[in-house]
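The next block holds one structure in the form of structure tokens; read it before the comments.
All residue numbers refer to positions in the sequence shown, counting from 1. Values below: every heavy atom of this structure, side chains too, minus hydrogens, waters and symmetry copies.
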Amino acid sequence: MAELMVRDGTWTFDGDAVRIVPGRERGVHKLRQDLGEFTVPLAALAGIALEPGRKGGRLRLRLREGADPLLQVTGGGLPDEANPYRLTVDAGRVEVAEYFVDTVRQALMLEQIPDGPTDRYLLPGPSVPLSAAGVDGVATFDGERVHLEWRWNTSETKRDWGPRNFPLGALEAVEWRAAAGLESGYLRFRPRGATERLKPEHDPNSIELWGFKKESGTTALLAAAVAARLPHPSAGAGKALPAAPAAPLPTAAPLPTAAPLPTAAPLAPTAPRASAAAPAEDHDALLRRLRELGDLHRDGILTEEEFTATKAAVLRRFHTGG
């Protein structure tokens with residue numbers, strides 16, 4: 001048994017798995033706190049390292065590619081401080097961290113765990129039900145069905161489609177991308193057979209994401225929970241391999257923020273309306289973008305840094321005419 005307790009959290013290794021408990025101190029990223037306590041089986045590990053720092057260091061687990069639905073669906077898009085497999089080590093605990101690393105490495109060697117990719121999820125993913133808000137909509141997932149509700153500021157295209165309802169069996173994949181500069185991020189649900197890809201602000205199967213600090217962390221967890229229940233990307237077409245066993249889904253727990261899911265809502269048509277194409281961006285659109293940025297900053301959805309950077313990018317396009 002090896003255990004490392006620091007302000008950033010607690011990691012425990014019992015020879016078979018690493019149990020990760022995030023800290024509750026100020027400064028521990030909200031995504032890690034929302035994810036909560038979870039266990040990483042030894043078979044999912046590809047390695048472990050202690051990275052030196054000015055005051056202590058960072059302990060980091062490296063997972064086998066494809067083992068964790070959260071890492072799979074985010075594709076390296078999580079900022080370092082939100083990574084649940086990273087632990088900041090205080091200066092006085094470095095020797096304990098070194099012992100922890102040696103213990104895990106010895107177990108990996110003795111058990112001859114391969115460090116290559118896996119074709120099935122070895123972690124169950126975040127627990128459900130989950131609710132996650134983006135810029136223009138709210139997604140809820142109860143373990144069997146995804147439901148999208150639009151906010152007041154959503155595009156006319158999405159309002160025309162109305163609320164969206166996806167049973168798991170109707171979905172081929174879920175995609176998540178963080179925002180980058182002026183380019184919006186998105187949480188996208190891809191129905192089976194769908195081929196057309198629209199911009200997030202016009203795609204009725206997507207929620208738009210502008211920042212990470214507030215909404216994107218929870219949307220990443222919801223995306224991972226859906227991905228864990230879909231066929232693994234490496235399992236082969238139409239062949240779903242089982243994920244690691246998860247706790248039974250709650251049968252009576254209400255979804256946190258959304259209205260009750262419609263029980264008879266038909267799936268929307270597979271082809272979007274002709275007006276779905278994004279119009280050319282003009283000065284009026286940029287002015288609306290600036291007003292929306294101000295609202296999101298005032299409501300705390302965008303941080304000061306995100307607001308400043310995105311506002312500057314919009315103003316540059318305003319003065320240059322796009």
Side-chain angles (χ1 to χ4, degrees), residues 1-42 44-65 67-108 113 115 122-127 132 176 178-180 185 211-221 223-224 300 302-306 309:
M1 171 75 73
E3 184 173 63
L4 176 62
M5 299 179 63
V6 292
R7 288 175 295 178
D8 201 29
T10 301
W11 287 11
T12 307
F13 180 60
D14 62 2
D16 295 317
V18 176
R19 183 168 61 93
I20 294 178
V21 181
R24 293 295 171 182
E25 299 281 340
R26 182 178 180 180
V28 176
H29 199 281
K30 187 175 186 297
L31 182 149
R32 294 173 55 203
Q33 294 187 349
D34 288 345
L35 180 59
E37 176 182 336
F38 66 103
T39 300
V40 185
L42 188 65
L45 293 181
I48 185 171
L50 177 62
E51 303 168 351
R54 288 190 305 169
K55 297 181 179 179
R58 291 188 182 93
L59 194 61
R60 192 183 298 269
L61 285 179
R62 184 167 61 90
L63 269 66
R64 297 171 62 190
E65 182 182 344
D68 177 26
L70 176 60
L71 296 183
Q72 180 76 26
V73 79
T74 55
L78 293 178
D80 210 32
E81 63 271 16
N83 188 340
Y85 302 107
R86 166 189 172 276
L87 187 71
T88 300
V89 180
D90 306 325
R93 307 291 288 172
V94 170
E95 290 186 0
V96 179
E98 291 173 343
Y99 172 75
F100 192 96
V101 168
D102 290 342
T103 304
V104 174
R105 283 178 175 170
Q106 184 178 19
L108 288 171
I113 302 296
D115 60 2
L122 301 177
L123 282 83
S127 58
W176 181 93
F212 188 87
K213 294 284 186 180
K214 295 288 184 181
E215 77 278 3
S216 297
T218 313
T219 57
L221 295 181
L302 292 179
T303 65
E304 184 66 34
E305 293 80 4
E306 291 167 340

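The two residues Phe13 and Asp16 have their closest heavy-atom pair at CE1-N, 4.0 Å. Of all heavy-atom pairs spanning Gly23 and Val28, the tightest one is O-CG1, 3.4 Å. Closest heavy-atom contact between Leu87 and Gly9: CD1-N, 3.7 Å. The minimum heavy-atom distance between Pro22 and Gln33, with the atom names listed, is CG-CA, 4.3 Å. In terms of heavy atoms, Leu123 sits closest to Pro69 at O-CD, 3.6 Å. Closest heavy-atom contact between Leu42 and Gly15: CD2-O, 3.9 Å.
To the nearest 0.5 Å, the span separating CH2 on Trp176 from OG1 on Thr74 amounts to 6.0 Å. To the nearest 0.5 Å, atoms CG (Leu71) and OH (Tyr85) are separated by 5.0 Å. Atom CD1 of Ile20 and atom OG1 of Thr39 lie 8.5 Å apart (nearest 0.5 Å). The distance from the CD atom of Glu81 to the CG atom of Leu31 is 10.0 Å, given to the nearest 0.5 Å. To the nearest 0.5 Å, the span separating CG on Leu45 from CG on Leu63 amounts to 5.5 Å. Going from atom CG of Leu78 over to atom NE2 of His29 covers 8.5 Å, rounded to the nearest 0.5 Å.
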Atom pairs and distances, side-chain donor-acceptor, residues 90-105, under 3.5 Å, sequence neighbours left out:
residue, atom, partner, partner atom, Å
Asp90, OD1, Arg7, NH2, 3.3
Arg93, NE, Met5, O, 3.3
Thr103, OG1, Tyr99, O, 2.8
Arg105, NE, Ile48, O, 3.2
Arg105, NH2, Ile48, O, 3.0

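Judged purely by atom type and a 3.5 angstrom limit, Arg64 has no side-chain atom pairing as donor or acceptor with the backbone of Ile113.
For the pair Thr218 and Lys30, the minimum side-chain heavy-atom distance is below 4.5 Å. At a threshold of 4.5 Å between non-hydrogen side-chain atoms, the residues Thr12 and Val18 do not count as touching.
Heavy-atom contacts from other residues, nucleotides or ligands closer than 6.0 Å to CD of Glu65 number 12 or fewer.
Scanning for side-chain hydrogen bond (donor to acceptor under 3.5 Å, both in side chains) contacts around Arg60 gives Glu51, Asp80, with sequence neighbours left out.
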